[in-house]
Structures are given as C-alpha cells and as structure tokens.
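We number each residue from 1, following the sequence as shown. As a basis for the values below, the full set of heavy atoms in this structure was taken, side chains included, without hydrogen atoms, waters or symmetry mates.
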Amino acid sequence: MMKALWLTLCLLAQPALAQEFTTLKGHGGPIMDIAVTSDGRVATASFDNTVGLWTDRTPHWFEGHDAAVSRVAATPEGLVSGGDDFSVIRWPDGKTLGQHAGKVQALDVLPDGRIISGSWDGTVKIWGTHEQTLMSPRGSVNAVGVGPDGAIFVATTRGEILRYDTPEAAPLPLVQHGFGVNRMVAGAGWLAYGAVDGGTRVIDAKTGAAIADFTLDRRPILALAHHAGTGQIAVGDGQGYIMLIDTRNWRITRDFRATRDGPVWALAFSLDGQTIWAGGLDDVAYGWPVAALDRFDPEMGQERSFLRAADTMPNGERQFMRKCSICHALTSDPSRKAGPTLHGVFGRQAGTVPGYRYSEILDGSPIIWDEATIDALFDQGPDHFIPGSKMPMQVIAGPQDRSDLIAFLKQATQKDEKP
C-alpha cells in the first residue's frame, strides 16, 4: 500500500517553482533539515516529529518518530530520516532500520544506496542488508559525508574529521582544530565543513590540506548544501545569513540575510540549482530563486512569537513562549505541534487528548493536570517527574516564574463556555 502511495505521489509531482519566492506551510514546529528528492520534490524534517514530502505546496506527512526529526536525506527509493528518538526510519514504508544509543545528527547515502548515520552516541552505522558499525570516532558525531569516490567523512563535536576510504578501512585523520564541526559537503577532490567557531573551510579531501577559508564574524555554521551541476555551496549560520560560494574559483558570490531573527538550520538546492530552500525556527520552509536573492527582504523569523522582545510580554507568557510554545498549542484547533494541545489542560487526565500519540508511560497515566502537578513538572523537570516521557528535559527553577506560568496557562487554556 505504501509503495503504491509513493508511486502515486511521484506521478503527481510537478517541477519546482523556480524563479519565484515560495513558502511551504503546514508543519507544527521548526524546520530542522531539508532534502530534495530525485523527482524534484522537497522533503522537510521538523521538530514536530514528522517528515513532510511536498508536491508543489501540498504536504504528505510521514509519521513514525517519537521525538523531533533532526535529519532527512533522499535515497534512490524514497527518503530516510533520523531523530532525537535515536531512530533511523526509511520512507515511504516507515520501516525502522535500527537504533542508535543517542540522537541521530547525521545522515547520508552511499553510492550503492546504503544509508549512513551518525549519532551523539559516538557511533557511525551503515544500514543495508545488515547493520555495520564503523570504528567509533572520539566524540559525538555531528556530520557525515560521502565523496564522489565513495569515501566516507565523519565529523565530531571535538572538531575532528576522519576519512574512511571504505567502511572497512582504518580512518585517516584530516582535521583537528578544537571547534565542533556541524556540517560537511564533499565534491571532486575537496571537502567543505562548517564549525561552531563560524568557520567555513575547504580542504583537500585526501590530505586535509587547506584550499580556502570563508570564515566570517558570524557563528556558528549550522547548515551546508552543495549543488555539483552549478558549482555552488550554500552556507547557513546562527545569525540568519545564507552565503553562496562558487566552487569553480572559490569565491563568495552572495551573502544574503534570510531571517529577521533566528538561525538557518536547514538548506538544500533544487535539482537545477536555481532555488535554495531554507528552514529555521519558523514552522515554514522558504524557497528563494538564487539569481534574485539580493532583491528579497528577510522572510524567515517572522512566524515565531517567542522572538518578540521579552520585555513586551508578562512573565507568565514569557515562560510559556520560552519553555512550551514550540511543542504545545493553546487552542482546540488542529495542530501538528510535537506535543498535545494545552487547551482545557486543567483538570484533564494526562495522556488523554484524542488523536495524539503518547509515550507508553503517559498513555493511561493517573496524573491529573492542575496547579500542583504542573508546578512539580517544571520544578523537577519532565525527566524526573515522568521518567520515560517524550517531553524534553527542562526546569523552571524560580517558584515565582512557575507560579506566573501557571496563572497564564489557567487563563489561556480555558475551554470555551457553552451558551
């Protein structure tokens, strides 16, 4: 059935809307990663625990992760995604290829179609007919890359980059500079990487010798994309800029402010290299025509109310925006957010919002949400108050901050009174 659905979606696919500004709206959380399939459609990975596959501006949702989806990659048969639930899942059939022991922060595809994933557990795994683990690097894995010759590159939070000529070969150290490496892309004879210190550097893929350095006074580098046909690299950073680099003469061709506020976490080129897709804190993916980048004002960073100045909000609302708003809606309207709606939360039994996929620990929980239990949740942290739940670890240490949050929620989540 899933294969038939995939084929149907392929038949419906239309050419990418190049040469015009495009938005893809529908996710319920920030966009963590973007990929483009072999038929030109955009795939988005989101904090809302889903992967969206877009035919023009219409999404099809792939749901199977139990936490934020941090990475998505296109494969010859479909897609693969990795998430904060430690899982690597293949689409469209939704098969879980396997688990890491930490968050999946890196994905790529080998020339033979096998999947390679890297995790904060310090391992790199290859998924094919059987699972294969590469020699574990020192430190959490932030990025993996595959060169045109099939060489595998692994980068860590310790700033180390290793090259494996084959999965069975001993690793060759290429880089060790002390700052975590977040993303990599590989081309013919070169490797480009972006690091926590704001550095975008290009090295010889076999020796590690420096080729070019595009370090600017912006940090960290959070996203990289490469389009071989047009010789372009796109670089996204924590201050909201997208920089384009020409790989034929190693020079910066454009440096565009994409966001009014917030980072660029995700980048991908359209198949023809004429559109650059980007994502960040918004629930929206944005597509700009490369040739006209300089003609657009910043568009990202306008959807998120928590980006408002803190002093414009009462303290209770401010606590909600900082701690809860990415995952939870306040209204009864349908929402694709990672957590269930908080509408009518006071007096509600935990784990009972219809249609939401709860973790096992909350499904049928005896907890009733009220002032006392919500205070305890943020005083102890979800990982201690409800061990095993999907809620991220966070604490509101100040009793007055918790009290203000509860007062705000009591007012903002009231059910509509029947006439």
Side-chain angles (χ1 to χ4, degrees), residues 1-27 31-46 48 50-65 69-83 88-95 97 107-117 127-128 144-146 148 150 185-187 223-234 266-279 284-291 336:
M1 180 177 177
M2 291 302 295
K3 286 185 178 179
L5 173 61
W6 178 262
L7 291 172
T8 300
L9 290 171
C10 286
L11 292 173
L12 292 173
Q14 299 293 326
L17 297 176
Q19 308 309 319
E20 66 178 60
F21 176 72
T22 308
T23 56
L24 304 178
K25 298 182 179 181
H27 273 294
I31 307 299
M32 311 299 292
D33 200 14
I34 301 178
V36 174
T37 64
S38 59
D39 60 4
R41 286 174 297 160
V42 177
T44 48
S46 173
D48 68 4
T50 67
V51 173
L53 181 63
W54 302 80
T55 302
D56 289 342
R57 293 183 177 88
T58 302
H60 175 80
W61 304 112
F62 292 124
E63 299 174 312
H65 285 281
V69 186
S70 54
R71 295 292 180 263
V72 64
T75 73
E77 290 79 28
L79 298 168
V80 63
S81 58
V88 178
I89 301 179
R90 184 180 66 196
W91 306 104
D93 60 6
K95 178 182 179 181
L97 298 181
L107 279 178
D108 211 332
V109 183
L110 294 170
D112 61 8
R114 288 182 297 166
I115 310 303
I116 181 169
S117 60
W127 311 94
V144 295
V146 178
V185 292
L224 286 178
H226 175 225
H227 189 267
T230 56
Q232 297 180 95
I233 295 175
L267 288 172
F269 283 102
S270 60
L271 291 184
D272 61 7
Q274 301 305 306
T275 298
I276 183 69
W277 293 96
V284 181
Y286 298 85
W288 285 276
V290 170
R336 296 203 59 81

Do the side chains of L107 and I116 get nearer than 4.5 Å, heavy atoms only? no
Sidechain-backbone polar pair: T75 side chain, G78 backbone, donor-acceptor under 3.5 Å: yes
Short question: side chain of T230, backbone of D272 - any donor-acceptor pair under 3.5 Å? no
A side-chain contact here means heavy atoms from C-beta on lying under 4.5 Å apart; do I115 and L97 qualify? yes
4.5 Å side-chain heavy-atom contact, F62 and T50: no
Can you see whether H27 engages T44 through a side-chain donor-acceptor pair at a distance of less than 3.5 angstrom? yes
Please confirm whether the backbone N or O of P289 pairs with a side-chain atom of Q274, one donor and one acceptor, at under 3.5 Å? no
Is the shortest side-chain heavy-atom distance between Y286 and F21 below 4.5 Å? yes
Would a distance-only check, ignoring hydrogens and angles, find a side-chain to backbone donor-acceptor pair under 3.5 Å from D93 to K95? yes
Tell me whether H226 contacts the main-chain N or O of I233 through its side chain, where contact means a donor paired with an acceptor under 3.5 Å. no
Report yes or no: do H65 and S81 form a side-chain donor-acceptor pair below 3.5 Å? yes
Got I34 and V42 here, is their nearest side-chain heavy-atom distance under 4.5 Å? yes
Quick check: do L24 and V284 have side-chain heavy atoms less than 4.5 Å from each other? no
Scanning both residues in full, the closest heavy-atom pair of A74 with A35 reads N-CB, 4.0 Å
Decide, yes or no, whether a salt bridge links D39 with R41 under the criterion of side-chain N to carboxylate O below 4.0 Å. yes
Do W54 and W61 have ring centroids that are under 6.0 Å from one another? yes
Determine, for W127 and R114, whether the Lys NZ or Arg CZ falls below 6.0 Å from the six-membered ring centre while staying within 45 degrees of the axis. no
Mind checking the CD-CG spacing from E63 to D48? Nearest 0.5 Å is all I need. 8.0 Å
Between H227 (side chain) and L271 (backbone), is there a donor-acceptor pair under 3.5 Å? yes
